[in-house]
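Remember, it's a predicted structure, so these values are computed and weren't measured experimentally.
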Amino acid sequence: MIRHCIDKKLIKATKVMMDGSLIKADAALNSMVEKNEDGEPSEKEPSKYIKGGKYSNKTHVSYSDPDSTLAGKVGEPKQLRYKVHTTIDRESRIIIDPHVTTGSDVEGKTCMSRLDHIEETFSVKVSELTADRGYGYGINLHQLEARGVTSFIPNFHQDVGDNIDL
C-alpha cells in the first residue's frame with residue numbers, strides 16, 4: 001500500500017518523523033519465571049505472589065508472553081511491554097514503517113536499521129529525520145551526517161560525539 005502511495009505521489013517518504021511508544025503486553029507480572037540457559041522460560045511454575053521478588057529481563061521472562069519485556073519510563077513501575085517504533089511521512093502524516101520490538105529495546109538502537117529498511121523497501125532516499133531525544137545518540141547523529149541526512153534530534157545522551165556501539 002505504501003509503495004502504491006509513493007508511486008502515485010501521495011507520499012514522498014523522504015522527510016520522516018520517528019518515535020517509539022510503549023504498549024502494554026497482555027501478560028501479568030506474576031507470569032515471570034526464571035530463564036533457562038537458552039533464554040527461554042524455565043519449567044518452573046510462575047509465582048503466585050511477586051511482591052518482594054527481584055525480576056529483570058536478564059534473569060526472568062514471561063511464561064505466557066516470552067516476547068514481552070519489563071519496561072517503563074523513569075519513576076514509574078515496570079510492566080511487561082512491547083515498543084512500537086513508528087516512522088511517518090512528515091508531509092502526509094501517513095505511517096510508512098510501524099516496527100514492533102520488545103519493550104526494553106532502546107529507540108536509538110533501531111533508528112538506522114529502520115531508515116535502511118525504508119530506503120531499501122521503497123527505493124527512496126531519506127533526506128530529513130525528525131525524532132525526540134531518545135534517538136540522540138552520537139553514533140546516530142554521526143551516521144545521519146555521513147549519509148547527508150538533515151536531522152532534527154536533540155543532543156541528549158552522554159555519548160554525543162563518541163562513536164560507540166548501540
J.: Does any non-hydrogen side-chain atom of Glu91 lie less than 4.5 Å from one of Lys12?
T.: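 They are in contact (side-chain heavy atoms under 4.5 Å apart), so the answer is yes.
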J.: To the nearest 0.5 Å, what is the distance between CD (Gln143) and CD (Glu145)?
T.: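 Here the rounded value is 11.5 Å.
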J.: Before giving the answer on side chain to side chain contact (heavy atoms under 4.5 Å, CB included), spell out for Asp97 and Thr121 the whole-Å C-alpha distance, their side-chain angles and the decisive distance to 0.1 Å.
T.: CA-CA 10 Å; Asp97 183 48; Thr121 302; over 6 Å; no
J.: Using side chain to side chain donor-acceptor pair (under 3.5 Å) as the criterion, list what pairs up with Ser21, not counting sequence neighbours.
T.: none
J.: With side chains defined as the heavy atoms from C-beta onward, is the minimum distance between Asn57 and Thr102 less than 4.5 Å?
T.: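 Not touching, per the 4.5 Å side-chain cut-off.
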J.: Starting from the C-alpha separation in whole Å, work towards a yes-or-no answer on side chain to side chain contact (heavy atoms under 4.5 Å, CB included) for Ser62 and Thr69.
T.: CA-CA 8 Å; Ser62 169; Thr69 53; over 6 Å; no
J.: For the atom pair NZ (Lys125) and CD1 (Ile118), what is the distance rounded to the nearest 0.5 Å?
T.: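 With rounding to 0.5 Å, NZ (Lys125) is 12.0 Å from CD1 (Ile118).
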J.: Salt bridge between Arg147 and Asp116, side-chain N to carboxylate O under 4.0 Å?
T.: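 Yes.
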J.: Does some side-chain heavy atom of Leu80 sit less than 4.5 Å from a side-chain heavy atom of Ser31?
T.: yes
J.: Taking side-chain contact (heavy atoms from CB on, under 4.5 Å) as the criterion, tell me which of Ile88, Val124, Leu115 meets it with Val16.
T.: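 Testing Val16 for a side-chain contact (heavy atoms from CB on, under 4.5 Å) against Ile88, Val124, Leu115 leaves exactly one candidate, Leu115.
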J.: Can you tell me how far the CE atom of Met1 sits from the CD1 atom of Ile94, to the nearest 0.5 Å?
T.: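 One finds 10.0 Å between CE of Met1 and CD1 of Ile94.
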J.: Evaluate the side-chain proximity of Leu144 to Met112: yes if any heavy-atom separation is below 4.5 Å, no if none is.
T.: yes
J.: Should Val61 and Glu34 count as side-chain neighbours, where that means a heavy-atom distance under 4.5 Å?
T.: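 With C-beta onward as the side chain, the pair stays apart.
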J.: Check this for me: Glu128, atom CD, are more than 12 non-hydrogen atoms of other residues, nucleotides or ligands nearer than 6.0 Å?
T.: yes
J.: For residues Val100 and Val84, determine if any side-chain heavy atom of one lies less than 4.5 Å from a side-chain heavy atom of the other.
T.: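 Yes, their side chains come closer than 4.5 Å.
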J.: Can you list everything that forms a side chain to side chain donor-acceptor pair (under 3.5 Å) with Glu107? Sequence neighbours excluded, please.
T.: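 Checked Glu107 against side chain to side chain donor-acceptor pair (under 3.5 Å); zero matches.
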J.: Rounded to the nearest 0.5 Å, how far does OG of Ser68 lie from NZ of Lys24?
T.: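 One gets 9.5 Å once the value is rounded to the nearest 0.5 Å.
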J.: Between Tyr55 and His60, what is the ring plane arrangement, given parallel below 30°, perpendicular above 60°, and tilted in between?
T.: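 Ring orientation, 0 to 90° scale: perpendicular.
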J.: Using a 4.5 Å cut-off between side-chain heavy atoms of Ile, Leu, Val, Met, Phe, Trp and Tyr, which other residues end up in the same hydrophobic cluster as Phe152?
T.: none
J.: Would you sort out whether Phe122 and Ile11 count as a side chain to side chain contact (heavy atoms under 4.5 Å, CB included), showing the intermediate values?
T.: CA-CA 11 Å; Phe122 304 122; Ile11 299 173; over 6 Å; no
J.: If we only count heavy atoms from C-beta on, is the Ile23 to Arg81 side-chain gap below 4.5 Å?
T.: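 With C-beta onward as the side chain, the pair stays apart.
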J.: Regarding Ser113 and Thr110, is there a side-chain donor-to-acceptor distance under 3.5 Å anywhere?
T.: no
J.: Between Tyr63 and Tyr82, is there a shared hydrophobic cluster once you connect ILVMFWY residues whose side-chain heavy atoms come closer than 4.5 Å?
T.: no
J.: Output the distance between atom NE2 (His99) and atom CE (Met18), rounded to the nearest 0.5 Å.
T.: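 Reported to 0.5 Å precision, the distance equals 10.0 Å.
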J.: Distance from Ile95 atom CD1 to Thr87 atom OG1, nearest 0.5 Å?
T.: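 It is 9.5 Å, given to the nearest 0.5 Å.
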J.: So Ser56 and Thr59, do their side chains get closer than 4.5 Å, heavy atoms only?
T.: yes
J.: After noting the C-alpha distance and the side-chain angles of Asp65 and Asp26, does the key distance pass the side chain to side chain contact (heavy atoms under 4.5 Å, CB included) rule?
T.: CA-CA 8 Å; Asp65 189 356; Asp26 191 16; 5.7 Å; no
J.: Check this for me: does any side-chain nitrogen of one of Asp89 and Arg93 sit under 4.0 Å from a carboxylate oxygen of the other?
T.: no
J.: Can you get from Leu22 to Met17 by hopping between Ile, Leu, Val, Met, Phe, Trp and Tyr side chains that sit under 4.5 Å apart?
T.: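 No, because Leu22 and Met17 fall into different hydrophobic clusters, even though each may have its own neighbours under 4.5 Å.
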J.: Tell me whether Leu141 shares a hydrophobic cluster with Tyr135, the cluster being built from Ile, Leu, Val, Met, Phe, Trp, Tyr side chains joined at under 4.5 Å.
T.: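 Looking at the clustering, Tyr135 is in the same group as Leu141.
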